J.: 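Questions regarding the structure given below will be posed in turn.
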Amino acid sequence: MIDEQLAALNITLSLQLADYWHEIDTNSGRNAGSYYTEDAVFQGQYASYEGRAKIQEFYSWREQQGPRLSVHSFTNFRAWLTGDGVAESTCFLMLYAANGERILPTHAPITISLATDRYRLVEGRWLCTFRRFEHWFEGGTPITNPKL
């Protein structure tokens, strides 16, 4: 028996996550901040950003570094409610990326990570409050982060 509320949550959050990664891959994350709460935390393997403004600042910094192609592909998405108006999800994120413009030679993903997200329902929209990546595999192409 399928739990209709849980199925609807999974559809909603997975489609929103697909929209988010599409924003990052095709628009350099110019609107990435709109997917997060003001107090959101973004924990990467090598750098973390606290607050919507800092998360958006990262994507603005990344765009200023010059052309970079990326494809963020996820699989095994699962979401569940953790309380009234709060939810959590996990998926495996495969990041294909390299500096330059298309068409670039293909290669294995530069990372495969377990991604954990937490969400809060804000005015009818699920916003991310917490995103963490735990790398399980890393390739030879470095991920990008500002030098702190």
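Just so it is clear, the model here is predicted, and its values are computed rather than measured.
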J.: Just by modelled atom types, is the T111 backbone N or O under 3.5 Å from a matching donor or acceptor in the E138 side chain?
T.: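 Checked: no pair found.
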J.: Mind checking whether T90 and W80 have side chains closer than 4.5 Å, heavy atoms only?
T.: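 They are in contact (side-chain heavy atoms under 4.5 Å apart), so the answer is yes.
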J.: Heavy atoms, side chains only, cut-off 4.5 Å: are R120 and T37 in contact?
T.: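 R120 reaches T37 side chain to side chain.
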J.: Where the side chain of S14 meets the backbone of I11, is there a donor-acceptor pair that is under 3.5 Å apart?
T.: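 The answer is yes, because a donor-acceptor pair under 3.5 Å joins these two groups.
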J.: Report yes if some heavy atom in the side chain of Y119 is under 4.5 Å from a heavy atom in the side chain of L13; otherwise report no.
T.: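 Heavy-atom side-chain distance check passes, below 4.5 Å.
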J.: Would you confirm whether Q16, through its side chain, and W126, through its main-chain N or O, come within 3.5 Å as a donor-acceptor pair?
T.: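 At least one qualifying donor-acceptor pair exists.
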J.: May I have the step-by-step check of salt bridge (Lys or Arg N to Asp or Glu O under 4.0 Å) for R68 and D25, ending in yes or no?
T.: CA-CA 9 Å; R68 183 170 176 91; D25 294 336; over 6 Å; no
J.: To the closest 0.5 Å, what do you measure between CG (L95) and OG1 (T141)?
T.: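 One gets 9.5 Å once the value is rounded to the nearest 0.5 Å.
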J.: Quick one: does NZ or CZ of R118 land under 6.0 Å from the six-membered ring centre of F130, within 45 degrees of the ring axis?
T.: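 Judged by the rule, R118 and F130 form a cation-pi pair.
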J.: Heavy-atom count check: over 12 atoms from other residues, nucleotides or ligands less than 6.0 Å from H22 NE2?
T.: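 At most 12 heavy atoms, drawn from other residues, nucleotides or ligands, come within 6.0 Å of this atom.
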J.: Side chains of R52 and Y35: closer than 4.5 Å at any heavy-atom pair?
T.: no
J.: Hey, does the side chain of Q45 reach the backbone of H135 with a donor-acceptor pair shorter than 3.5 angstrom?
T.: yes
J.: CD of Q65: more than 12 outside heavy atoms within 6.0 angstrom?
T.: yes
J.: For E134 and Q43, what are the C-alpha separation, side-chain angles and deciding distance, and is it a side-chain contact (heavy atoms from CB on, under 4.5 Å)?
T.: CA-CA 9 Å; E134 298 173 73; Q43 283 185 349; over 6 Å; no
J.: Side chains of Y96 and T106: does their closest heavy-atom pair fall under 4.5 Å?
T.: no
J.: F77 vs L17, test: side-chain contact (heavy atoms from CB on, under 4.5 Å). Steps then yes/no.
T.: CA-CA 10 Å; F77 183 88; L17 188 60; 3.9 Å; yes
J.: Within the 4.5 Å heavy-atom criterion, are P109 and F137 side-chain neighbours or not?
T.: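 Answer no - side chains too far apart.
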J.: I'd like to check I143 versus I110 (side-chain heavy atoms, cut-off strictly below 4.5 Å). Are they in contact?
T.: yes
J.: Looking at side-chain heavy atoms only, is the closest gap between Q5 and L81 below 4.5 Å?
T.: yes
J.: Before giving the answer on side-chain contact (heavy atoms from CB on, under 4.5 Å), spell out for W21 and L93 the whole-Å C-alpha distance, their side-chain angles and the decisive distance to 0.1 Å.
T.: CA-CA 10 Å; W21 290 124; L93 179 71; 3.9 Å; yes
